[in-house]
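Counting starts at 1 for both ligands and their atoms, following the listed order. Every value quoted in this text rests on a predicted model; they were computed, and no experiment measured them.
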Amino acid sequence: MSVKKRLFGTFGVRRTANDILTPEFASRLAACYGSLVKGKIAVGGDTRTTSRMLMDAVKAGLLSSGCDVVDLGIIPTPALQFAVRNYYNGGVMITASHNPPKYNGVKFLDEFGIGIPDDMEIAIEEMYFDKQPHRVSWDKIGNSMYNDNILQEYVNNAIKNVDSETIRESNLKVVVDCGSGAGSFTAPYLLRKLGCEVITLNSQADGFFPGRDPEPIEENLTELIEVVKQLNADIGLAHDGDADRTICIDEKGQFVLGDKTFSLVEKQMLKENNGGLIVTTVATSQAIYDIAEKYNGEVTATAVGDLLVARALKDKNGLFGGEENGGLIFPDFVYGRDAAMTVAKIIEIIAKEKKPLSQLVDELPKYYSKKMKIECDDNLKEEIMNNIANEIKSTTNYKIDTTDGLKIFKDDGWVIIRPSGTEPIFRCFSESNKQDNADEMALWGINLIKKHINMVK
Ligand code: MG
């Protein structure tokens, strides 16, 4: 079994700010990272009230380990990833993504702008707890600099990657809700540069997130939905706190699910490039495979996690990738979930196809999904997972995939059972061509987990 991590979760180190995640904590953690990486490190943060404080602490830690530091200011996570890939040896992002305002987090990047791999996280933890970071002598302290050009470069580069002339000719009306997050500094400007009529909601940076919760789920976007309908806009767009996720609302005010956005962009990317490799996770829709088959594409599925998708895209020279939650990755631009490219690309699709978004979504393969979860003690998960896999293998003929948990292919769809890496729960997703079937299969999966929980207790 792998080493249990003491600090890092799926999204770096995320804690309540200035309570657990204090400046001292952040500074020592950054000094450990700096001791391993060296060179010129970019630092950025989202709009939270504690981001600036933690950025300064991180900068001090990096400088003390001999790194040079470049402060990029308050920017989206993908803008930092873009900068690191093009100019720097590493990066540190201060963000808690979509979590409530009292949280913050520290996310470390490698030289390609991808979240650092597990072995490096473990090495940082070892240094943090059991050893000392490397502190350089007074005459080896690094330089501290600023770069204010990244936001503009990031936006301009996203625009270069789309057919901006066709977009301009379409005169699209767009409502964008940045949730007072870091997207406030990019999304409205990007859309205006593309000639759209732009109406902004919550696009003033504010760490109290006064307009809405930073997580772009449907119940938090009721205002955006209403404004799209009232103004007869072509599309509504929403970001999370650090602007790496993008959610779309169609011209009828309907919330577009993440896997629909993914399929829509996949279709366009494959058409434009005459095929290519698509990378996704085992929990994503069959629609991704159907589209790939139709448009000369190939699909590789990784375990769940955007870092794994990003890394596979880089290693296998993939064309495009994404997850079922609407995080889309354009590897020619940024090795991570990106919002600027996603916005530009979706607007381009509407402009090029000359169809409303609802129709474009309607033309995609139709599948229905169900997501359920059930509580389970962390220390029982491994045994239960093995027992479930053994039962399926010995009592059924179902095809299975063990890339992440257990994916079971049944006659009318698939079910995936996965122990969560961050919470004491099992997740169970299902997908079928009918909602009833999907509901039934998810319930079947949950009952299977329940039975095995009771058996080991
Ligand atoms: Mg995020």
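Atoms OG of Ser97 and OD1 of Asp242, as seen from the Mg ion (ligand 1), are separated by an angle of 100°, to the nearest 10°.
When each of His239, His98, Glu323 is tested with Arg245 by the rule side chain to side chain contact (heavy atoms under 4.5 Å, CB included), just one qualifies, namely His98. Shown are Leu264, Val299, Leu270; of these, the side chain to side chain contact (heavy atoms under 4.5 Å, CB included) with Ile291 is made only by Leu270.
Side-chain contact annotation: Asn86 with Tyr154, donor-acceptor N/O pair under 3.5 Å absent.
Atom OD2 is the N, O or S atom of Asp240 at the shortest distance from the Mg ion (ligand 1). Considering just the N/O/S atoms of Asp244, the one nearest the Mg ion (ligand 1) carries the name OD1.
Checked against a 6.0 Å centroid threshold, the rings of Tyr128 and Tyr33 do not count as neighbours.
For the Mg ion (ligand 1), the N/O/S atoms of Thr77 include none lying under 2.8 Å.
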